[in-house]
Colleague: 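My questions will all concern the structure given below.
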Amino acid sequence: MTDFVRKESGLREEDAVYDALIPAGDGWMYDLEPGQVLRIVDLEGNQAVDTLFYDADNPADHYSAVQTIAAQESIYLTTGSVLLAESGKPLVTIVADTCGRHDTLGGACSAQSNTVRYAHEKYYMHNCRDTFMRLLAQRDGYAKRDLAPNVNFFMNVPVTSEGGLTFAAGVSAPGCYVEMRAETRVTVLISNCPQLNNPCNAYNPTPIRLLIWSP
Ligand SMILES: [Zn+2]
């Protein structure tokens with residue numbers, strides 16, 4: 001894992017225009033202006049942060065894993081990755097990353113996936129899909145159809161040489177962060193994953209910190 005490229009940010013915390021703590025299992029929805037930089041800090045380490053991006057002026061044009069993976073010819077995200085919308089429009093660019101690798105394939109946990117993967121009794125457990133739905137329902141112009149395949153920041157889903165997906169123990173650590181610059185007006189939707197049944201949160205969901213800088 002030491003071959004990851006990790007890039008630190010030059011931004012200073014005291015210059016941030018926004019600073020918030022998102023408790024374990026909670027969510028966040030926010031509009032970034034072009035040029036603003038969002039930092040997500042994995043405060044305690046190995047916390048999956050399920051995230052979606054939308055063109056704020058045209059929410060139907062949301063983040064596309066397929067467009068992003070095909071354009072950068074890699075399934076992982078790190079510094080330099082440009083996250084594209086379905087239309088091919090750049091939404092955000094990752095400009096710093098001290099974790100080194102983020103997942104594009106694992107998707108969000110849901111009541112249904114908890115049932116299929118673990119046990120029927122897990123159906124009622126809190127999950128990312130419920131958090132996404134709750135936040136989308138509070139916004140005009142967004143609906144169930146806007147729930148698209150998401151990014152999992154700080155989550156480690158290595159692909160085997162046979163093409164298999166593995167939900168593995170995390171590669172992040174306390175204080176690791178990823179930073180992204182908005183390339184247009186972007187709506188960011190986060191579920192700070194409450195999952196307790198696989199190692200994506202080290203079986204212990206923890207808070208994250210969000211910081212924003214203006215250009
Ligand atoms: Zn989740």
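Keep in mind that the numbers below use all heavy atoms, side chains included, and drop hydrogens, waters and symmetry copies. Computed from a predicted structure; not experimentally measured.
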Colleague: Are the side chains of V17 and Q36 in contact, using a 4.5 Å heavy-atom criterion?
Modeller: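 Contact flag for Q36/V17 side chains = yes.
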Colleague: K7: which residues meet the salt bridge (charged side-chain N to carboxylate O under 4.0 Å, His left out) condition with it, sequence neighbours left out?
Modeller: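 Counting only residues at least two positions away or on another chain, K7 forms no salt bridge (charged side-chain N to carboxylate O under 4.0 Å, His left out).
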Colleague: Please evaluate residues R181 and V92 with respect to the criterion side chain to side chain contact (heavy atoms under 4.5 Å, CB included), reporting the C-alpha separation (whole Å), side-chain torsions for both, the decisive distance (0.1 Å), and the verdict.
Modeller: CA-CA 5 Å; R181 182 183 64 230; V92 300; over 6 Å; no
Colleague: Any salt bridge (charged side-chain N to carboxylate O under 4.0 Å, His left out) involving residues 136-146? Give me the pairs, sequence neighbours left out, ordered by first then second residue.
Modeller: D31-R139
Colleague: Report whether M155 and F153 are members of the same hydrophobic cluster (ILVMFWY, side-chain heavy atoms less than 4.5 Å apart, transitive linking).
Modeller: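 Result: no, two separate clusters.
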Colleague: Scan side-chain atoms only and decide if T51 and N150 contain a donor-acceptor pair under the 3.5 Å cut-off.
Modeller: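 Distance-only check fails for T51 and N150.
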Colleague: Would you say E73 has more than 12 foreign heavy atoms packed within less than 6.0 Å of its CD?
Modeller: no
Colleague: Excluding sequence neighbours, so at least two apart, what forms ring pair (Phe, Tyr, Trp, His ring centres under 6.0 Å) with Y54?
Modeller: Y142
Colleague: Quick one: does any side-chain atom of E162 pair with a main-chain N or O of G164 as donor and acceptor, under 3.5 Å?
Modeller: no
Colleague: What is the distance from atom CE of M125 to atom OG of S110, rounded to the nearest 0.5 Å?
Modeller: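 Reported to 0.5 Å precision, the distance equals 12.5 Å.
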Colleague: Walk me through whether K89 and D55 qualify under salt bridge (Lys or Arg N to Asp or Glu O under 4.0 Å).
Modeller: CA-CA 9 Å; K89 180 176 180 174; D55 180 346; 2.9 Å; yes
Colleague: Scan for salt bridge (charged side-chain N to carboxylate O under 4.0 Å, His left out) pairs involving residues 33-45, sequence neighbours excluded, and state none if there are none.
Modeller: E33-R185, R39-E179
Colleague: Between N152 (side chain only) and G107 (backbone N and O only), is there a donor and an acceptor less than 3.5 Å apart?
Modeller: yes
Colleague: For the residue pair L136 and A143, what are the closest heavy atoms and their distance?
Modeller: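 Smallest heavy-atom distance, with atoms named: CD1-O, 3.9 Å.
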Colleague: Is there a path of hydrophobic side-chain contacts, each under 4.5 Å between heavy atoms, that joins L196 and Y203?
Modeller: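 As far as the 4.5 Å side-chain criterion goes, Y203 and L196 are not connected within one cluster.
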Colleague: Show the nearest heavy-atom pair for residues G25 and P194, with the distance to one decimal.
Modeller: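 Smallest heavy-atom distance, with atoms named: CA-CB, 3.9 Å.
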Colleague: In chain order, what residues pass the salt bridge (charged side-chain N to carboxylate O under 4.0 Å, His left out) check against D130, with sequence neighbours excluded?
Modeller: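 Partners of D130 by the salt bridge (charged side-chain N to carboxylate O under 4.0 Å, His left out) criterion come out as none, since no residue qualifies.
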Colleague: How would you list, by chain and number, every residue that makes a side-chain contact (heavy atoms from CB on, under 4.5 Å) with A168, sequence neighbours excluded?
Modeller: N156, P158
Colleague: With distance as the sole criterion, is a donor-acceptor pair present between the side chains of T78 and D97 under 3.5 Å?
Modeller: yes
Colleague: What residues form a ring pair (Phe, Tyr, Trp, His ring centres under 6.0 Å) with F154, not counting sequence neighbours?
Modeller: H102
Colleague: Taking Q47 for its side chain and T206 for its backbone only, find out whether a donor-acceptor pair lies under 3.5 Å.
Modeller: yes
Colleague: Does any non-hydrogen side-chain atom of L32 lie less than 4.5 Å from one of I212?
Modeller: yes
Colleague: Between the side chain of S191 and the main-chain N/O of F132, is any donor-acceptor distance below 3.5 Å?
Modeller: no
Colleague: Is there a side-chain contact between T187 and M29, using heavy atoms and a 4.5 Å cut-off?
Modeller: yes
Colleague: Not counting sequence neighbours, list each pair that qualifies as a salt bridge (charged side-chain N to carboxylate O under 4.0 Å, His left out) and has a residue in residues 187-200.
Modeller: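 Salt bridge (charged side-chain N to carboxylate O under 4.0 Å, His left out) check on residues 187-200 returns no pairs.
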Colleague: If you group Ile, Leu, Val, Met, Phe, Trp and Tyr by side-chain heavy-atom gaps below 4.5 Å, do V188 and Y63 land in one group?
Modeller: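 Same hydrophobic cluster.
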Colleague: Show, in sequence, the C-alpha distance, side-chain angles and deciding distance for T131 and H126, and conclude whether the side chain to side chain contact (heavy atoms under 4.5 Å, CB included) test is met.
Modeller: CA-CA 8 Å; T131 300; H126 184 189; 3.0 Å; yes
Colleague: Between V178 and I75, is there shared hydrophobic-cluster membership here, with clusters defined by ILVMFWY side-chain heavy atoms closer than 4.5 Å?
Modeller: no
Colleague: Given a cutoff of under 4.5 Å between side-chain heavy atoms of I, L, V, M, F, W and Y, with clusters grown through shared members, what are the other residues clustered with Y124?
Modeller: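 Members alongside Y124: Y123.
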Colleague: Determine yes or no for a side-chain-to-main-chain donor-acceptor pair under 3.5 angstrom, with Q72 supplying the side chain and S81 the backbone.
Modeller: no
Colleague: Can you name the one residue among K122, R129, H120, Q195 that meets side chain to side chain donor-acceptor pair (under 3.5 Å) with N114?
Modeller: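 Only match with N114 under side chain to side chain donor-acceptor pair (under 3.5 Å): Q195.
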Colleague: Can you tell me if T68 uses its side chain to pair, donor with acceptor, with the backbone of S64 under 3.5 Å?
Modeller: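 Pair found, side chain donor or acceptor close to backbone of S64.
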Colleague: For the pair E8 and R6, find out whether any cationic side-chain nitrogen is under 4.0 Å from an anionic carboxylate oxygen.
Modeller: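 A salt bridge is absent here (no side-chain N lies under 4.0 Å from a carboxylate O).
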Colleague: Drop me the distance from D61's CG to L91's CG, to the nearest 0.5 angstrom.
Modeller: 6.5 Å
Colleague: Using salt bridge (charged side-chain N to carboxylate O under 4.0 Å, His left out) as the criterion, list what pairs up with E13, not counting sequence neighbours.
Modeller: R209
Colleague: So V159 and V157, do their side chains get closer than 4.5 Å, heavy atoms only?
Modeller: no
Colleague: Could you grab the distance from atom CD1 of I208 to atom CG of N192, nearest 0.5 Å is fine?
Modeller: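 Rounded to the nearest 0.5 Å, the CD1-CG separation comes out at 4.0 Å.
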Colleague: Which residue pairs pass the ring-ring contact (aromatic ring centres under 6.0 Å, His included) test with at least one member in residues 11-42, sequence neighbours excluded?
Modeller: Y18-W28, Y18-Y30, W28-Y30
Colleague: Output the rest of the hydrophobic cluster of V95: all Ile, Leu, Val, Met, Phe, Trp and Tyr residues reachable through side-chain heavy-atom contacts under 4.5 Å, sorted by chain and number.
Modeller: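 Members besides V95, by chain and number: L11, L21, V37, V41, L43, Y177, L211, W213.
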Colleague: Which atoms form the tightest heavy-atom contact between V82 and P90, and what is the distance?
Modeller: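 Result for this residue pair: CG1-CB, 3.8 Å.
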Colleague: Between L210 and I22, is there a side-chain heavy-atom distance shorter than 4.5 Å?
Modeller: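 A side-chain contact exists here, since the closest heavy-atom pair is under 4.5 Å.
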Colleague: Could you check I69, V151, V66 and say which one makes a side chain to side chain contact (heavy atoms under 4.5 Å, CB included) with T104?
Modeller: I69
Colleague: Side chains of P205 and C193, heavy atoms from C-beta outward: is any pair under 4.5 Å?
Modeller: no
Colleague: Same cluster or not: F53 versus I40, using hydrophobic residues (I, L, V, M, F, W, Y) connected whenever any side-chain heavy atoms lie under 4.5 Å apart?
Modeller: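 Yes.
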Colleague: Less than 4.5 Å apart, side chain to side chain, heavy atoms only: is that true for T79 and V5?
Modeller: no
Colleague: Check whether the side chains of Q112 and N127 place a donor and an acceptor atom closer than 3.5 Å, and report yes or no.
Modeller: no
